[in-house]
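Down below is the structure, laid out as structure tokens.
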Amino acid sequence: MKSTGTTTRTPVWDLFVRFGHWILAAAFLIAYFTEDDLMTVHTWAGYLTASVVVLRILWGFVGSPHARFRDFLFTPRQAWHYLIDLLRGRADRHIGHSPAGAVMVYALLIGVLLTGVSGMMVYAYEEQAGPLAGAVASQYHGLTDRERERAFDRAEDFWEEAHELTANLTLLLVLLHIGGVLLASFAHRENLIASMVSGNKRPQDELRNT
């Protein structure tokens, strides 16, 4: 427990969680807005987002206490009730992820991972490159040239649409996440954005609103 002036602070978010959070946010936005004219930047930003998500999932099993998934296992019902209470200004404060925040974490991890995988599939079809190119090419062995071209075009169109859909849905989740953080910061009188920079929050004995 740390003391800053007269305010005691409790370490909550470890270095990996904080750096991973901001790197993931920056890489996703860079990838989202650099698709056509800056394809190299788009591709490597996509690789970075997928890599951070995979590492974050692993960290959810071996990381610090509040980084582990078992610390924020909540049901959809709990998340819904927390959100309603938050809108009413009477939600309990959580030292780690709140129930609604936990659901958003899972949704964002899934959304970014699906966006990354679909993006690599698009790259494999369009450029015949990337980590999935070999798997894609192996699907069309034994087909005639005409059959291969038709199947290839259908699959390419599917993955392009899937990539666009998952990217847009993930961006929507990001915007909802930002709105939720701002709302919770106001309701609990705590700057949650600053806590994701410093890693510290108010201590456990201040969990309820005053």
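- The environment of E164 atom CD is sparse: at most 12 non-hydrogen atoms of other residues, nucleotides or ligands sit within 6.0 angstrom.
- Residue Y82 comes nearest to D92 through the heavy atom pair CE1-O, 3.3 Å, listed as atom of the first residue, atom of the second, then distance.
- Taken from CD1 in I193 to OG in S198, the straight-line distance is 12.0 Å, to the nearest 0.5 Å.
- Listed here is the closest heavy atom pair of T115 and T170: OG1-OG1, 3.3 Å.
- Tracing side-chain contacts under 4.5 Å through hydrophobic residues (I, L, V, M, F, W, Y), one reaches L55 starting from I23; they form part of the same cluster.
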Exercise for review: Report the C-alpha separation of M104 and L173 in whole Å, then their side-chain angles, then the decisive distance to 0.1 Å, and conclude whether the side chain to side chain contact (heavy atoms under 4.5 Å, CB included) test is met.
Suggested key: CA-CA 8 Å; M104 182 57 72; L173 290 174; 4.1 Å; yes
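- S185 places a side-chain N or O within donor-acceptor distance of the main-chain N or O of E190, the cut-off being under 3.5 Å.
- Using a distance-only test at 3.5 Å, with no hydrogens or angles considered, no donor-acceptor pair links the side chain of R18 to the main chain of M196.
- Formation of a donor-acceptor pair under 3.5 Å by the T49 side chain with backbone atoms of A27 is not found in this model.
- One hydrophobic cluster, built from ILVMFWY side chains closer than 4.5 Å, cannot hold both L175 and L183; they sit in different ones.
- Across all their heavy atoms, W13 and S195 have their closest contact at CD1-O, 3.5 Å.
- Hydrophobic clustering, with ILVMFWY side chains joined whenever heavy atoms are under 4.5 angstrom apart, keeps L165 apart from M120.
- Linking Ile, Leu, Val, Met, Phe, Trp and Tyr whenever their side-chain heavy atoms come within less than 4.5 Å puts L108 and V52 in one cluster.
- The environment of Q128 atom CD is dense: over 12 non-hydrogen atoms of other residues, nucleotides or ligands sit within 6.0 angstrom.
- Paired with P99 under the rule side chain to side chain contact (heavy atoms under 4.5 Å, CB included), one option of H94, H81, R77 passes, and it is H94.
- Between L24 and R56, every side-chain heavy-atom pair lies at or beyond the 4.5 Å cut-off.
- A 6.0 Å sphere centred on CH2 of W22 holds more than 12 heavy atoms belonging to other residues, nucleotides or ligands.
- Pairing each heavy atom of L132 with each of M121, the nearest pair is CD1-SD, 3.4 Å.
- R93 contributes a side-chain N or O that, together with a main-chain N or O of R202, makes up a donor-acceptor pair within less than 3.5 Å.
- Taking the side chain as every heavy atom from C-beta outward, Y47 and P131 approach each other to under 4.5 Å.
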Review point. Which is it for V103 and Q78 under the side chain to side chain contact (heavy atoms under 4.5 Å, CB included) test, yes or no, and what are the steps along the way?
Key: CA-CA 10 Å; V103 170; Q78 288 174 302; over 6 Å; no
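- Note: F69 and Y106 have tilted aromatic rings, judged against thresholds of 30 and 60 degrees for the angle between ring planes.
- Using the six-membered ring where Trp is involved, Y32 and F28 have ring planes that are tilted, between 30° and 60° apart.
- Here the shortest heavy-atom pairing between T34 and H42 reads O-CB, 2.8 Å.
- L86 is not connected to I84 by any chain of hydrophobic side-chain contacts under 4.5 Å among Ile, Leu, Val, Met, Phe, Trp and Tyr, and they are in different clusters.
- At a threshold of 4.5 Å between non-hydrogen side-chain atoms, the residues L171 and L29 count as touching.
- A distance of 8.5 Å separates CG of L48 from CD1 of I30, quoted to the nearest 0.5 Å.
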Exercise for review: Any chance you could lay out the side chain to side chain contact (heavy atoms under 4.5 Å, CB included) test for R90 and D85, step after step, and finish with the verdict?
Suggested key: CA-CA 5 Å; R90 64 186 192 192; D85 287 342; 3.5 Å; yes
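- Listed here is the closest heavy atom pair of Y125 and A155: OH-CB, 3.3 Å.
- In this structure the side chain of V17 reaches within 4.5 angstrom of the side chain of D14, judged on heavy atoms.
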